[in-house]
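All remarks here apply to the structure that follows.
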Amino acid sequence: MAERIYPGDSPPSSGEHSNPKPAPPSSDKPIPQPGTYVVQIPKDQVYRVPPPENARRYAHLSKRKSSRSTCCRCCCCFLTTILSLLLAAAIAAAVIYFVLKPEAPNYSVESVAIKGFNLTSPSPLSPEFDVTVRADNGNDKIGIYYEKGSSINVYYQDVNLSNGALPVFYQPTNNVTLFKTALKGSGIELTAASLRSISNDQNKGTVPFTLKLRAPVKIKAGSVKTWKITVKVTCKITVDKLTAASKIVSKDCDYGVDLW
């Protein structure tokens, strides 16, 4: 029979029997066989430490991430604050609107008296316009202060013929005020084409002018007075003739406001 060879035994030499080597001491644990092994380590014993060659890069990236997080938090706080302020302003404006129920004043030109137009003379013109403006404040709880620094200008086509200003006064609630202001011009030179055009318009009984009014005002609601607001009125008016007895043929006024 063939002789069995067990692990740990040395093969016998040919032609002789050698004494077998003593067996290793027995152990309770099995002896691992040669090969590939998978070592399992508990998760709580794993430390995330970068290798030495990447330690500097890891520190740099960690610092950048922290800086970006701080910047993002600051931006979010800033945007939240701005949105909160805008929301508060919108709510305040809505409350003021529903409590006061403001209405825009109504402006119109009631009459115009014209002097100083001598279209047969080649000398410069010194036109004068006595303009009566109607201001209608229909608000129940809002008064209007008309401040210094107002201006009224009259134009024919693109030529500024005369200018003046509104009086300083306070217009109470539910009030209609008529104020007459004198507008004067000096040394106005019209081109030959403009002289022919205005003469033809007078012959037809329809001389068009543009009146531009700019007035700084303050709004009063109860005991509160606002900052200065600029009222802008542009009126297209047409008169029948260039005399003190001129009459308004047509008029159309647009109204606007500059809050700042």
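FYI, the numbering just counts along the sequence from 1.
Cluster membership for L259 and I142, using ILVMFWY side-chain heavy atoms within less than 4.5 angstrom, is shared. Hydrophobic clustering (ILVMFWY, side-chain heavy atoms < 4.5 Å, transitive): L166 and V257 are in one cluster. Linking Ile, Leu, Val, Met, Phe, Trp and Tyr residues whenever their side-chain heavy atoms come within less than 4.5 Å leaves Y155 and I198 in two separate clusters.
Here the straight-line distance linking atom CD of Q202 with atom OG of S197 works out to 12.0 Å at 0.5 Å rounding. Distance check: Q157 CD to T210 OG1 gives 9.5 Å after rounding to the nearest 0.5 Å. W227 CH2 to K218 NZ: the interatomic distance, rounded to the nearest 0.5 Å, is 11.5 Å. Here the straight-line distance linking atom OH of Y107 with atom OG1 of T177 works out to 9.5 Å at 0.5 Å rounding. Atoms OG and CD1, on S194 and I188 in that order, are 12.0 Å from each other to the nearest 0.5 Å. Rounding to the nearest 0.5 angstrom, the gap separating the CD1 atom in I248 from the OG1 atom in T132 is 8.5 Å.
Using a distance-only test at 3.5 Å, with no hydrogens or angles considered, no donor-acceptor pair links the side chain of D252 to the main chain of K236. In terms of modelled atom types and a separation under 3.5 Å, the side chain of S246 and the main chain of V239 share no donor-acceptor contact. Side chain of N137 to main chain of N139: a donor-acceptor pair is present (N/O by atom type, distance under 3.5 Å, no hydrogens or angles).
Around CG of N203, the count of heavy atoms belonging to other residues, nucleotides or ligands within 6.0 Å exceeds 12.
Side-chain atoms of S108 and N106 form no donor-acceptor pair, as typed in the model, at a separation below 3.5 Å. Side-chain atoms of T206 and T238 form no donor-acceptor pair, as typed in the model, at a separation below 3.5 Å. Side-chain contact, N118 with T120: a donor N or O sits under 3.5 Å from an acceptor N or O.
Using bins of under 30°, 30° to 60° and over 60° for the plane-to-plane angle, the ring pair F169/Y146 lands in the parallel bin.
Here the closest heavy-atom approach between residue K148 and residue K228 is recorded as O-NZ, 4.5 Å. Across every non-hydrogen atom of Y170 and G143, the tightest pair is OH-CA, 3.5 Å. L119 approaches S199 most closely through the heavy-atom pair CD1-OG, 3.5 Å. Across R214 and V233, no two heavy atoms sit closer than the pair NH1-O, 3.4 Å. Taking both residues in full, the closest heavy atoms of A215 and S150 are given as CA-CB, 3.9 Å, listed atom of the first, atom of the second, then distance. The heavy-atom pair separating S126 from G187 by the smallest distance is OG-N, 4.0 Å.
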Original post:
Can you check side chain to side chain contact (heavy atoms under 4.5 Å, CB included) on V131 and I152, steps first, answer last?
Top reply: CA-CA 10 Å; V131 179; I152 304 180; 5.8 Å; no
**OP:** Check the pair V217 / Q171 against side chain to side chain contact (heavy atoms under 4.5 Å, CB included), numbers first and verdict last.
**Re:** CA-CA 10 Å; V217 302; Q171 185 177 25; over 6 Å; no
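Side-chain contact between I229 and I219: present, with at least one pair of heavy atoms (C-beta onward) separated by less than 4.5 Å. At least one side-chain heavy atom of V176 sits less than 4.5 Å from a side-chain heavy atom of D136. Residues L161 and F209 form a side-chain contact, since some pair of their non-hydrogen atoms from C-beta on lies under 4.5 Å apart. Using a 4.5 Å cut-off on side-chain heavy atoms (C-beta onward), P105 and V231 make no contact. Inter-residue side-chain proximity for V154 and V112 is flagged as unmet; no heavy-atom pair is nearer than 4.5 Å. At a threshold of 4.5 Å between non-hydrogen side-chain atoms, the residues Y156 and D201 count as touching. In this structure, the side chains of K251 and E110 come closer than 4.5 Å at one or more pairs of heavy atoms.
Taking the centre and axis of the six-membered ring of Y145, the NZ or CZ atom of K220 falls outside the cone set by 45° and 6.0 Å.
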